[in-house]
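The block underneath contains the structure these notes are about, expressed in structure tokens.
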Amino acid sequence: MNLIFSKLAIGLFLFFRVALSLEIHADKECTVSPLGDGQDDTDQVLAAISQCGTNGTITFTEGSFNITRKMIWELESATVHLFGYMNFVPDVEYWLNMSNTYQVVFIQSQSSWFVVTGSDFEIDAHNTGGIQGNGQTWWNFFSNRTREDGDGRPIALTLYNATRGIIRNFRIESQPFWCNCVAESEDVLYDGMLCNATNTNPEFAGTNLVPNTDGIDTYRSNNITLLNWDITCGDDCLAIKGNTTNLLVRNVTCNGGNGIAFGSLGQYFNLSDNVENVYMEDLKMVRLPSSVQPNMGTGVYFKTWTGEVNGTPPTGGGGGTGHVRNVTVQRMNVDQVDIPVHVYQTNGGSASETPSTLMFSGLHFDDWVGNATGSTIVEFVCSPAVNCTDLTFESFDVTTPSNEAPRYICQNVTSILGLQAPCNATGEA
Ligand SMILES: *[C@@H]1O[C@H](CO)[C@@H](O)[C@H](O)[C@H]1NC(C)=O
Ligand SMILES: *[C@@H]1O[C@H](CO)[C@@H](O)[C@H](O)[C@H]1NC(C)=O
Ligand SMILES: *[C@@H]1O[C@H](CO)[C@@H](O)[C@H](O)[C@H]1NC(C)=O
Ligand SMILES: *[C@@H]1O[C@H](CO)[C@@H](O)[C@H](O)[C@H]1NC(C)=O
Ligand SMILES: *[C@@H]1O[C@H](CO)[C@@H](O)[C@H](O)[C@H]1NC(C)=O
Ligand SMILES: *[C@@H]1O[C@H](CO)[C@@H](O)[C@H](O)[C@H]1NC(C)=O
Ligand SMILES: *[C@@H]1O[C@H](CO)[C@@H](O)[C@H](O)[C@H]1NC(C)=O
Ligand SMILES: *[C@@H]1O[C@H](CO)[C@@H](O)[C@H](O)[C@H]1NC(C)=O
Ligand SMILES: *[C@@H]1O[C@H](CO)[C@@H](O)[C@H](O)[C@H]1NC(C)=O
Ligand SMILES: *[C@@H]1O[C@H](CO)[C@@H](O)[C@H](O)[C@H]1NC(C)=O
Ligand SMILES: *[C@@H]1O[C@H](CO)[C@@H](O)[C@H](O)[C@H]1NC(C)=O
Ligand SMILES: *[C@@H]1O[C@H](CO)[C@@H](O)[C@H](O)[C@H]1NC(C)=O
């Protein structure tokens, strides 16, 4: 391990401490390089965090750090330069043992192998480093097994109970499961994030071998900013979950997957999911060659469970109330998406069940261009218990395949403005 302390700073520290008896701290600096040769870097990585993670600076040099067990980085007033990759060993059976990961993300009882917590920190991976998730091994492993929420597949990077944190120019190569999650956090900025879940096993060409590789799930967090993201995944590019408030998203490209999700919401009957004040702009959905990733589901979609309790989370649930209000999605470019804008309130159930009381209002879609694979351009299938209201469209110009009349479907919608044709139950003109 190389821990390089600034001699000058320590000298000043001792001088002031003796001379003035003041609590002035040393500026601590740690530098860590990979040990190489099949050796385990986890100890030295954690030692650097413990030595310099408060009021200090840590530099991880380029290269691959072999990480063999779960890590929490607790950072207080600290900067981390991560030029290399935290490389999580692809030992699937080991990580699936729940005691080898953290269960800090409450929703769906998800697991994390790497948790960052604390306040006033910045992790800058300089576009050269981040996390190597070794996802291909995981995707192959699960190709003939059932995948379930809460089954222990680890989130690649979890920010938990973090305040005033910055994640910059960070790369996450082949996330096994969700790429990012931010939970119970506030005032967090992510500027520059790459996630890439791309199957390269020819045996599975043309299938979506990478479900659940969401770009990020946001939960119980306020004032989160996501700038300059590039996500390749087979699921939700962004998933805005319960009690996400004041979220700003700008310049996000989603390559393949389901598009941007609000939800799922209302899974826990005893917890309301309230999502408020979301502003997203400069978004791009890109359909990949189907041999690589067959799905490109939506531009943006909103989903709730029904009002009925069907089993218990993480895999079942429903019956939760709440609301989604004041959402703007503007300057969106969709490339051959299935349904550009979609709302449904029957996740995990059916329309014959007690309807959801989770209400959507104030959803605004401005400056959209591009095309859909079918004729349905918008589909709002809202709950009759509460309806959707105050839906507006401005400069919404998404085209259907040649000669097909666009369908605008609205069920249980109280107020909708700005579409070029009426929005009704069947979408037929
Ligand atoms: C990581 O460390 C483990 C345990 O020491 C070792 O068995 C493995 O070979 C190392 N992996 C790499 C890629 O260095
Ligand atoms: C870190 O800095 C803060 C504020 O300067 C100080 O109160 C605290 O004691 C320092 N902690 C350590 C472990 O250096
Ligand atoms: C999955 O496939 C692997 C090899 O392809 C095989 O060893 C394993 O038994 C299979 N598992 C199940 C649950 O079918
Ligand atoms: C969250 O962080 C704060 C300090 O930032 C700490 O006091 C608190 O105990 C942490 N809460 C949990 C549940 O970890
Ligand atoms: C929101 O977080 C950003 C950091 O991303 C911070 O600059 C800003 O002051 C915060 N806003 C509020 C209202 O606290
Ligand atoms: C994602 O990974 C695939 C397969 O390794 C690679 O071909 C592609 O260039 C990567 N994309 C990005 C944006 O890095
Ligand atoms: C948008 O984000 C991408 C990274 O995903 C970056 O390369 C590009 O420069 C950003 N564009 C702008 C206008 O900032
Ligand atoms: C969301 O916040 C409300 C209070 O504003 C609270 O009642 C509810 O339990 C929270 N939901 C979750 C999922 O934490
Ligand atoms: C709606 O959200 C925007 C941020 O997207 C915020 O500036 C505005 O104040 C919110 N409006 C209301 C009525 O809360
Ligand atoms: C669909 O839209 C995308 C993005 O605007 C564009 O690149 C593509 O050429 C369009 N395809 C067709 C068939 O119009
Ligand atoms: C409202 O929703 C119910 C249940 O999904 C459905 O049966 C009904 O047709 C909808 N009403 C309208 C006007 O679309
Ligand atoms: C919901 O909207 C439908 C029209 O789609 C309307 O007939 C019904 O009265 C509304 N229900 C509520 C609860 O606002």
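Side-chain atoms are counted along with the backbone in the values below, which use heavy atoms only and exclude waters and symmetry mates. Start at 1 and go down the list; that is how both ligands and their atoms are numbered.
Residues Y268 and F106 bring their aromatic ring centres within 6.0 Å. Here F302 and F360 bring their ring centres to under 6.0 angstrom of each other.
Each of F60, Y160, F121 was compared with W73 under the ring pair (Phe, Tyr, Trp, His ring centres under 6.0 Å) criterion, and only F60 meets it.
Contact check on R145 versus D151 returns no salt bridge, with no Lys/Arg side-chain nitrogen under 4.0 Å from an Asp/Glu carboxylate oxygen.
The shortest N or O to N or O distance between Y219 and ligand 8 is not below 3.5 Å. By the 3.5 Å distance cut-off applied to N or O atoms, D273 is not counted among the residues near ligand 8.
Not less than 2.5 angstrom separates the SG atom of C233 from that of C254.
The ligand atoms of ligand 8 that sit less than 4.0 angstrom from a heavy atom of N243 are 1 (C), 2 (O), 3 (C), 8 (C), 10 (C), 11 (N), 12 (C), 14 (O). Short contacts between ligand 8 and R220, defined as distances under 4.0 Å to a heavy atom of the residue, involve ligand atoms 12 (C), 13 (C), 14 (O). Close contacts between ligand 11 and N412 involve ligand atoms 1 (C), 2 (O), 3 (C), 10 (C), 11 (N), 12 (C), 14 (O) [criterion: under 4.0 Å to a heavy atom].
Residue pairs meeting the salt bridge (Lys or Arg N to Asp or Glu O under 4.0 Å) criterion with at least one partner in residues 240-266, sequence neighbours excluded, are D217-K241, R250-E281.
If you check the side chains of T245 and N277, you find no donor sitting under 3.5 Å from an acceptor.
Listed as neighbours of ligand 9 are N277, Y279, N326, each bearing a heavy atom under 4.0 Å from the ligand.
Put simply, the side chain of S356 never gets that close to the backbone of T306: no donor and acceptor are under 3.5 Å apart.
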